[in-house]
Each structure stands twice: as structure tokens, then as C-alpha cells.
Amino acid sequence: MKKWLTFVVFLFAFASAAVAQVEFEQIKSRTQEKLQVTGFFDYYPFGQYQNNIYSGVFKPFIEYFADHGQYVLDYLPISMNYEDTIREVSKGEADVVLGMYSETSLYADLKFIYPAAIDNPIHLVMLPSKISTIRSVQDLKSLKGAIHSKEMFSDYVNDKLKDFAVEYVDNSHELYGKLIRGEIDYVLTGIYFGTIETAKLGIRHQVAFSKQSLWNIPVFIGISKASVHREYLSHTLSKLLEKPEIKEKIQKDMDDLVNAVIEEYAGTVPPSFLSEKKSSAEDVPNKQDDFAPFADRSPFARR
């Protein structure tokens with residue numbers, strides 16, 4: 001009798017778990033619920049708000065998920081600075097964060113969805129005549145660099161940057177003007193953000209991007225541990241991101257966003273700082289040492 005009862009209890013538990021799992025995998029057949037979403041405010045193409053309209057590489061992904069899960073998306077408007085917004089997310093003010101970094105204290109109270117959705121490779125930008133002299137990251141420590149103040153790096157990368165002589169510059173015109181005029185030796189930038197900013201200035205082919213990334217930051221989708229949807233979000237988002245076709249679609253969306261900006265700004269007249277710089281044949285973009293480990297063009301170079 002004891003063995004029989006044990007078997008019945010086990011069978012009932014197994015059947016219940018199986019039914020729950022099937023229901024969990026299926027598209028929800030229920031009234032739509034609101035899913036509150038936020039992300040990077042001003043770090044395109046990872047995310048930005050313009051006139052309280054959100055755009056960025058993760059938008060198609062989260063909209064696909066919302067359709068699957070019967071959610072109505074509510075992109076939170078900007079009501080405070082980014083750091084305070086993320087802290088409010090940890091308290092349940094939003095359900096999903098579109099883009100965040102591991103090993104970064106700002107996101108410590110949020111749940112990471114594995115695997116990472118995409119990477120943010122950090123590259124070196126220099127004048128073409130100088131980039132071939134850089135053989136390792138150590139060579140940069142004796143030089144002067146700069147970073148756009150909009151760049152979002154992980155704590156790990158920011159800690160590494162303490163060994164470098166870098167300044168933060170608030171806009172791309174001033175940042176790349178310093179590079180062209182020789183006031184700094186290099187710029188450190190996320191490859192997607194940097195490609196977009198140089199394209200907008202019309203100088204994408206007057207500077208050289210490193211072939212290798214200095215650091216590669218995985219970018220995750222995050223959820224609030226206080227969200228009432230956290231269990232479903234955690235399970236289903238993870239299942240989606242484990243699919244190769246989903247990861248490939250996010251990467252394609254990223255490439256399409258960057259290329260769209262490149263096409264939009266094709267033919268842009270470069271700023272006057274190019275004419276202020278002393279002309280040098282060595283700075284013609286194509287004159288690079290192809291054997292230098294860092295000498296190359298952006299992956300979005302003209303084909």
C-alpha cells in the first residue's frame with residue numbers, strides 16, 4: 001500500500017508539472033497585460049528616447065516577445081536620470097531593461113537574462129597614419145585619449161580605463177575635432193556608436209577603426225526582481241535568446257540600424273576642423289599597414 005501511494009503521489013506530481021510546462025511554453029490565451037519597459041536613454045543604436053519615443057536594436061525583439069506573450073508594451077518616458085531610473089526598476093517601477101552589463105554595480109539588483117542578446121565591442125579610433133604604430137593595448141598607456149561622455153561601459157572596462165590617460169568629451173564634433181587636430185591620440189568607442197557618430201560628421205573615411213576590439217562587453221536583457229511577471233519573463237526570454245535564429249536577427253537588426261544611418265548621412269560635408277588640420281599625405285585613409293594588429297576599417301566600411 002505504501003509503495004502504491006508513493007507511486008500515485010509521484011505520478012500526480014509529474015503530470016501536474018508536465019501540464020504546467022506545456023501551458024508555460026504556449027502563447028498565453030488571456031487578456032493582455034501591460035509590460036513596462038525601459039533601456040538606454042541616449043546611446044543609439046542600443047537605445048534612445050526622442051520626443052518620448054523609444055527606438056533601438058532591442059525594440060523588434062521585445063515587440064516580438066510581447067506579441068507572443070499577449071503583452072501591451074509601455075515604454076517609460078524619461079522622468080529622471082538614467083542611474084535613478086535603473087534603481088527604480090529594481091523596485092518594480094518597470095519590468096524589463098533593454099540592455100545592461102554584468103559586473104556593473106548599477107545593475108546588481110536586477111535579474112540578468114542569459115545568454116547575452118548581443119555584444120558591444122570597444123574599439124580604438126585613430127588617424128590612419130598613426131594606428132599602425134599601435135601593436136598592443138599597452139602602447140596606449142603612454143598616449144592621450146578621449147571617450148564620448150554618452151558611452152556606456154561596464155564597471156570592468158571602466159576599471160581598466162583607470163590605467164589610461166583619457167578625458168570625457170560631451171559631443172562628437174569636439175571629440176573628433178580633437179583627434180583630427182592632434183590634441184588627442186585616440187578615441188575609445190563602442191564600434192556601433194562610433195561608426196554612427198563618425199558617419200553623422202562625414203568623417204568615417206578620414207579615421208581608422210581598429211580591427212580588433214580592446215574589450216567586448218556582453219549586453220543583456222534584464223528584468224526587475226520585483227516584477228509580477230518575473231517568472232514568465234525569466235523563463236521565456238531565456239528560451240528565446242537560446243535560439244540561434246533570434247540572436248542572428250538581433251545582430252541583423254543592429255547592422256541594419258547602423259547601415260541606415262550611414263546611408264542617411266552619405267555625402268555629408270565634414271566639419272571645418274578637417275581644413276584646420278595640417279594636410280598630410282600620410283593621413284589618406286587607405287594608407288594603412290595591413291599587418292598591424294589594430295589597423296583596419298570599421299566593419300561598416302564602404303563596400
Passes side chain to side chain contact (heavy atoms under 4.5 Å, CB included), L233 versus H229? Steps please. CA-CA 6 Å; L233 291 174; H229 308 293; 3.8 Å; yes
Would M80 and E88 count as a side chain to side chain contact (heavy atoms under 4.5 Å, CB included) if you check the C-alpha gap in whole Å, the side-chain angles of each, and the deciding distance to 0.1 Å? CA-CA 10 Å; M80 59 189 75; E88 289 301 307; 3.7 Å; yes
If you apply the rule side chain to side chain contact (heavy atoms under 4.5 Å, CB included), what do you find for I134 with L140, and how did you get there? CA-CA 7 Å; I134 305 301; L140 299 177; 4.0 Å; yes
Using the side chain to side chain contact (heavy atoms under 4.5 Å, CB included) rule, take V89 and S224 through it: C-alpha gap first, then chi angles, then the decisive distance, then the call. CA-CA 6 Å; V89 173; S224 172; 4.0 Å; yes
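Pairing each heavy atom of G56 with each of L257, the nearest pair is C-CD1, 3.8 Å. Here the closest non-hydrogen pair linking Y82 and M152 is CE2-CE, 3.3 Å. Residue A165 comes nearest to L143 through the heavy atom pair CB-O, 3.7 Å, listed as atom of the first residue, atom of the second, then distance. Residues P115 and L241 share a closest heavy-atom pair of CG-O, 3.3 Å. I122 and G190 get closest at one heavy-atom pair: CD1-CA, 3.9 Å. Taking all atoms of both residues into account, the shortest heavy-atom contact from V169 to A146 is CG2-CB, 4.2 Å.
For F58, the ring-ring contact (aromatic ring centres under 6.0 Å, His included) criterion is met by no residue, not counting sequence neighbours. Scanning for side-chain hydrogen bond (donor to acceptor under 3.5 Å, both in side chains) contacts around D159 gives K162, with sequence neighbours left out. By the side-chain contact (heavy atoms from CB on, under 4.5 Å) test, T189 is found to be paired with V125, E151, Y176, V187, F193, F209, residues two or more places apart in sequence or in another chain being considered. Not counting sequence neighbours, the partners of K150 by the side-chain hydrogen bond (donor to acceptor under 3.5 Å, both in side chains) test are D42. Checked against side-chain hydrogen bond (donor to acceptor under 3.5 Å, both in side chains), E248 has no partners two or more places apart in sequence or in another chain. Looking at residues two or more places apart in sequence or on another chain, you find no ring-ring contact (aromatic ring centres under 6.0 Å, His included) involving Y156. Every residue meeting the side-chain contact (heavy atoms from CB on, under 4.5 Å) condition with D170, not counting sequence neighbours, appears here in chain and number order: S149. Listed by chain and residue number, Q36, D74 satisfy the side-chain contact (heavy atoms from CB on, under 4.5 Å) test with K34 (two or more places apart in sequence, or in another chain). When the side-chain contact (heavy atoms from CB on, under 4.5 Å) test is applied to D155, the partners found at least two apart in sequence or on another chain are T104, S105, N158. Residues passing the side-chain hydrogen bond (donor to acceptor under 3.5 Å, both in side chains) test with D109, sequence neighbours excluded: none. Listed by chain and number, the residues in a ring-ring contact (aromatic ring centres under 6.0 Å, His included) with Y64 amount to none (sequence neighbours excluded). Take Y54 and apply the ring-ring contact (aromatic ring centres under 6.0 Å, His included) test, not counting sequence neighbours, and it matches Y49, Y75.
Residues T268 and K200 have side chains not in contact (no heavy-atom distance under 4.5 Å, counting atoms from C-beta outward). At a threshold of 4.5 Å between non-hydrogen side-chain atoms, the residues E197 and L201 do not count as touching. Inter-residue side-chain proximity for E231 and H235 is flagged as unmet; no heavy-atom pair is nearer than 4.5 Å. Within the 4.5 Å cutoff, side-chain heavy atoms of F65 are placed close to those of Y71. When side chains are defined from C-beta on, F46 does not count as touching Y44, because their heavy atoms never get closer than 4.5 Å. Within the 4.5 Å cutoff, no side-chain heavy atoms of L98 are placed close to those of F40. With contacts defined as side-chain heavy-atom distances shorter than 4.5 Å, the pair I147/L161 qualifies. By the 4.5 Å heavy-atom criterion applied to side chains, I221 and V97 are not counted as neighbours.
The existence of a salt bridge linking R181 and E183 is confirmed by a sub-4.0 Å separation between a basic side-chain nitrogen and an acidic carboxylate oxygen. Ionic pairing of K252 and D255 is not present here: no N-O contact between side-chain nitrogen and carboxylate oxygen is shorter than 4.0 angstrom.
The closest donor-acceptor contact from the side chain of N171 to the backbone of H173 lies under 3.5 Å. One N or O on the side chain of D185 and one on the backbone of K144 form a donor-acceptor pair closer than 3.5 Å. With hydrogens and angles ignored, the 3.5 Å screen pairs no side-chain donor or acceptor of K130 with any backbone N or O of Y186. A donor-acceptor pair under 3.5 Å is absent between the side-chain atoms of T195 and the main chain of Y192, judged by distance alone. In this structure a side-chain-to-backbone donor-acceptor pair under 3.5 Å is missing from S90 to L110.
Between H148 and Y168, the gap from one ring centroid to the other reaches at least 6.0 Å. Here the two rings, on F220 and Y101, have centers that are 6.0 Å apart or farther.
More than 12 heavy-atom neighbours from other residues, nucleotides or ligands sit within 6.0 angstrom of NZ on K247.
Separating the CG atom in D253 from the NZ atom in K249 is a distance of 3.5 Å, to the nearest 0.5 Å. One finds the CG atom of D119 at 4.0 Å from the CG atom of N216 (value rounded to the nearest 0.5 Å). Summarising the geometry, atom OG belonging to S55 is positioned 4.0 Å from atom CD belonging to Q48; distances are rounded to the nearest 0.5 Å. With rounding to the nearest 0.5 Å, the separation of OG in S238 from NZ in K111 is 7.0 Å. For the atom pair K243 NZ and K239 NZ, the distance stands at 9.5 Å (nearest 0.5 Å). Between T198 atom OG1 and I262 atom CD1 the span is 7.5 Å, to the nearest 0.5 Å.
Side-chain polar atoms of D84 and N81 form a donor-acceptor pair below 3.5 angstrom. Counting only N and O atoms by type, the side chains of H123 and S210 include a donor and acceptor under 3.5 Å apart.
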